[in-house]
4 protein chains.
Amino acid sequence: MKWLKAAVDEIVSGAKKAIEEMDEKQVESMIQMILEAKDKKIFVVGMGRSGFVGRAFALRLMNLGFNVYFLGETITPAAGKDDLVIAISGTGMTKLVVSATSVAKEVGARVIAVTSYKDSQLGQLADQLVLVRGRTRTGWPREEDYLSRQILGEREPLSPLGSIFENNCMVFLDGLIVELMYRMKMNENDLKMRHATIE
Amino acid sequence: MKWLKAAVDEIVSGAKKAIEEMDEKQVESMIQMILEAKDKKIFVVGMGRSGFVGRAFALRLMNLGFNVYFLGETITPAAGKDDLVIAISGTGMTKLVVSATSVAKEVGARVIAVTSYKDSQLGQLADQLVLVRGRTRTGWPREEDYLSRQILGEREPLSPLGSIFENNCMVFLDGLIVELMYRMKMNENDLKMRHATIE
Amino acid sequence: MKWLKAAVDEIVSGAKKAIEEMDEKQVESMIQMILEAKDKKIFVVGMGRSGFVGRAFALRLMNLGFNVYFLGETITPAAGKDDLVIAISGTGMTKLVVSATSVAKEVGARVIAVTSYKDSQLGQLADQLVLVRGRTRTGWPREEDYLSRQILGEREPLSPLGSIFENNCMVFLDGLIVELMYRMKMNENDLKMRHATIE
Amino acid sequence: MKWLKAAVDEIVSGAKKAIEEMDEKQVESMIQMILEAKDKKIFVVGMGRSGFVGRAFALRLMNLGFNVYFLGETITPAAGKDDLVIAISGTGMTKLVVSATSVAKEVGARVIAVTSYKDSQLGQLADQLVLVRGRTRTGWPREEDYLSRQILGEREPLSPLGSIFENNCMVFLDGLIVELMYRMKMNENDLKMRHATIE
């Protein structure tokens with residue numbers, strides 16, 4: 001099991017380092033934008049493995065009381081002025097994510113890009129960039145459209161390197177939820193009481 | 001309930017007429033292409049309501065023993081030479097469907113387009129066109145990318161007119177399954193026996 | 001293509017007849033309950049092919065301005081008093097649908113059951129039954145839990161008979177949307193204007 | 001951002017420790033069962049956040065060439081003798097997961113349970129238990145059915161504690177993929193060549 005152990009070490013220490021190296025101003029700005037969207041809609045978008053991480057994050061935002069949607073699911077209302085889009089794409093090039101985000105800007109929504117590449121299309125069009133390192137771009141992907149990549153069988157490398165962006169994001173975003181919980185002065189008991197009134 | 005009744009009449013008689021008017025050569029060719037894909041992979045693709053109709057059809061193809069996938073779901077292998085893509089899009093313009101289908105052609109897959117517009121991009125690039133009338137294009141959609149349409153809140157009209165393509169497709173494709181079942185000389189008892197061996 | 005044609009005839013005339021035979025009081029009551037849920041949450045639930053029909057219906061309710069969710073998708077908030085659950089199950093026995101519906105009743109939500117069997121568990125626990133004929137129960141299913149049925153490969157018959165409940169529901173629910181649109185005095189132009197303000 | 005930092009530390013060091021404490025025999029046995037399923041079907045099952053982790057893992061198994069499905073998605077064939085089910089549930093009590101797994105055993109499939117509780121129903125019925133610590137059960141959940149929990153708004157705690165099982169699983173399963181890749185003597189180049197032949 002030496003490969004498993006080596007991979008786990010690489011993932012864990014990679015996540016630790018990646019988050020230490022994040023720009024605190026970017027994170028603080030992301031937190032403010034989320035808090036300001038309390039009475040607005042929040043849309044999370046991402047494809048493939050980034051999409052699973054995005055869904056897990058969206059679920060938590062809903063638990064915190066935000067009015068949140070995951071783009072591409074059945075029920076997704078229209079976005080409007082001052083709504084918030086949180087786009088997750090390691091390369092910042094995933095076509096669907098870029099085009100949806102670009103349309104969101106046109107209707108006046110604000111955009112946070114969680115990506116490894118500040119110079120990517122996604123990075124360029126975002127109101128707020130949040131750099132999370134981890135995605136490498138060694139000649140890949142040739143195809144930037146998710147369904148087309150499915151057809152071609154394109155994928156990230158299987159080595160820890162290929163998973164590290166999503167792992168880093170999952171840890172970062174779970175940490176962010178805890179930070180938001182404290183900022184909103186909610187604690188587990190408050191939340192339980194909120195539930196109690198429903199039941 | 002007069003509107004409900006009028007709408008139901010319009011949907012039902014519309015479906016009847018739409019299928020009567022279909023080109024038998026197109027349908028026969030679609031049947032042959034599906035039967036020839038018995039030892040290959042079949043990919044169904046469609047967005048929004050067309051996607052739900054496509055999923056219901058894919059489920060039935062799987063029940064008939066085909067090796068079928070719905071594009072965009074978690075598990076979708078790569079397509080290759082002589083695999084079959086069945087693309088469902090009323091306008092024939094849905095960007096994701098067009099681009100995925102176009103990539104499929106590049107890798108040697110064969111493409112069936114189920115659409116209301118033979119001159120659409122999808123209609124043009126397909127190996128086999130299967131015209132199902134029902135989708136109108138009165139100034140709509142401005143945006144051809146599905147996630148972008150979600151962001152904009154764009155949608156088909158709510159009148160029966162806006163649903164009629166999907167209704168026509170659902171009836172047509174359910175009928176096609178019955179035709180395939182007879183062509184493959186399967187009947188319900190055969191299928192039950194096939195199941196019995198599994199259990 | 002004689003089987004396709006025969007199947008289409010059966011589906012189309014079956015849908016026409018099924019909807020003519022529906023109990024107007026049940027439908028009227030369903031309409032009222034939906035209209036009364038305008039400022040509440042509506043949850044649609046169904047598995048397999050009924051789930052695809054349910055999603056298509058939920059999408060339309062959202063287009064009409066309702067606050068609607070499809071149970072099982074990533075983002076589903078908690079239900080509360082006077083929220084509305086619309087449960088679609090031909091047999092009325094699908095375990096997940098029955099148990100979710102039963103819990104919804106405990107928290108004070110109102111339940112509409114769209115089913116072929118008034119004596120089914122679902123039919124019994126609903127506040128309002130809406131009978132749509134079409135599902136037969138000839139020895140099937142042995143297993144009422146959807147994931148378990150996937151594991152066993154259990155499914156409805158492939159003959160038109162096996163699809164007819166979902167077809168009937170799709171036509172009925174699309175018609176219902178048109179009825180709701182008129183009752184709410186919305187028309188396509190109103191809806192376009194509503195969209196214009198968003199953009 | 002002190003809470004974010006503290007949470008990240010807890011998640012990262014928790015994952016490291018959790019995986020160090022795993023029973024190597026259990027992991028080795030899981031690896032063998034996966035390798036033995038090379039010509040069989042593999043089904044991954046999990047609900048909510050465990051489901052997202054499960055989907056990410058299933059995607060990777062598909063990349064490695066396994067014939068894998070995620071239970072509950074549109075396309076899921078029947079399971080049979082010697083197929084493999086990998087069930088992920090922190091509490092080991094999630095009703096859907098337990099019942100699907102139990103039915104899988106009846107048809108002769110082998111079951112791996114990835115859970116925090118060996119004495120749980122899931123742990124008890126599995127052929128192979130793989131303990132991943134992280135889920136706590138402090139009075140929660142009252143309801144073991146996933147859709148019912150959605151209706152009730154039940155969820156894991158928002159503190160790092162509530163996410164730690166899924167985080168631990170994601171790191172463990174990503175590491176497992178690397179181990180499998182080496183055991184199967186695949187490397188990135190082999191995999192690229194395999195893709196090249198498809199294109």
Side-chain angles (χ1 to χ4, degrees), chain C residues 41-55 69-81 83-89 94-111 122 125 141-155, chain D residues 41-55 69-81 83-89 94-111 122 125 141-155:
Chain C
K41 280 174 262 177
I42 299 181
F43 299 85
V44 180
V45 61
M47 300 303 288
R49 287 171 53 98
S50 292
F52 301 134
V53 170
R55 280 180 177 89
Y69 298 92
F70 187 82
L71 218 61
E73 300 240 324
T74 304
I75 298 302
T76 307
K81 199 166 151 21
D83 285 339
L84 180 62
V85 174
I86 302 174
I88 306 173
S89 166
T94 311
K95 224 184 254 180
L96 263 177
V97 175
V98 172
S99 58
T101 306
S102 154
V103 165
K105 287 224 49 164
E106 287 170 30
V107 299
R110 305 173 76 189
V111 172
L122 183 63
L125 66 79
R142 273 156 311 203
E143 181 55 59
E144 295 148 26
D145 175 286
Y146 188 71
L147 294 195
S148 300
R149 279 176 49 205
Q150 282 198 332
I151 284 281
L152 291 172
E154 284 196 13
R155 49 162 190 73
Chain D
K41 279 174 263 176
I42 299 180
F43 299 86
V44 180
V45 61
M47 301 303 287
R49 287 171 52 101
S50 292
F52 300 134
V53 170
R55 280 180 176 88
Y69 298 93
F70 187 83
L71 217 63
E73 300 241 323
T74 305
I75 299 301
T76 309
K81 199 167 148 24
D83 285 340
L84 179 63
V85 173
I86 302 174
I88 305 173
S89 166
T94 311
K95 225 185 250 180
L96 263 177
V97 174
V98 171
S99 59
T101 306
S102 154
V103 165
K105 287 226 48 166
E106 286 170 29
V107 300
R110 305 172 77 190
V111 172
L122 182 63
L125 67 78
R142 273 155 314 203
E143 181 54 60
E144 294 148 29
D145 176 285
Y146 187 71
L147 293 195
S148 301
R149 281 175 48 203
Q150 281 198 330
I151 285 282
L152 291 173
E154 285 196 12
R155 50 162 190 74

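Scope of the values below: all heavy atoms of this structure, side chains included, with no hydrogens, waters or symmetry mates.
- Looking at Thr101(C), there are no atoms closer than 4.5 Å to chain D (heavy atoms on both sides), in backbone or side chain.
- Note: Ser99(D) leads Ala104(D), Ser99(D), Ser102(D), Gly48(D) in heavy-atom pairs under 4.5 Å with chain C.
- Note that CD1 of Ile151(C) and CD of Glu106(D) are 11.0 Å apart. Values are rounded to the nearest 0.5 Å.
- Contact of Val45(C) with chain D is made through the side chain alone, with heavy-atom distances under 4.5 Å.
- Ranked by heavy-atom pairs shorter than 4.5 Å toward chain C, the options Gln150(D), Arg49(D), Met47(D) are led by Gln150(D).
- Within the 4.5 angstrom heavy-atom criterion, only side-chain atoms of Phe52(C), from C-beta onward, approach chain D.
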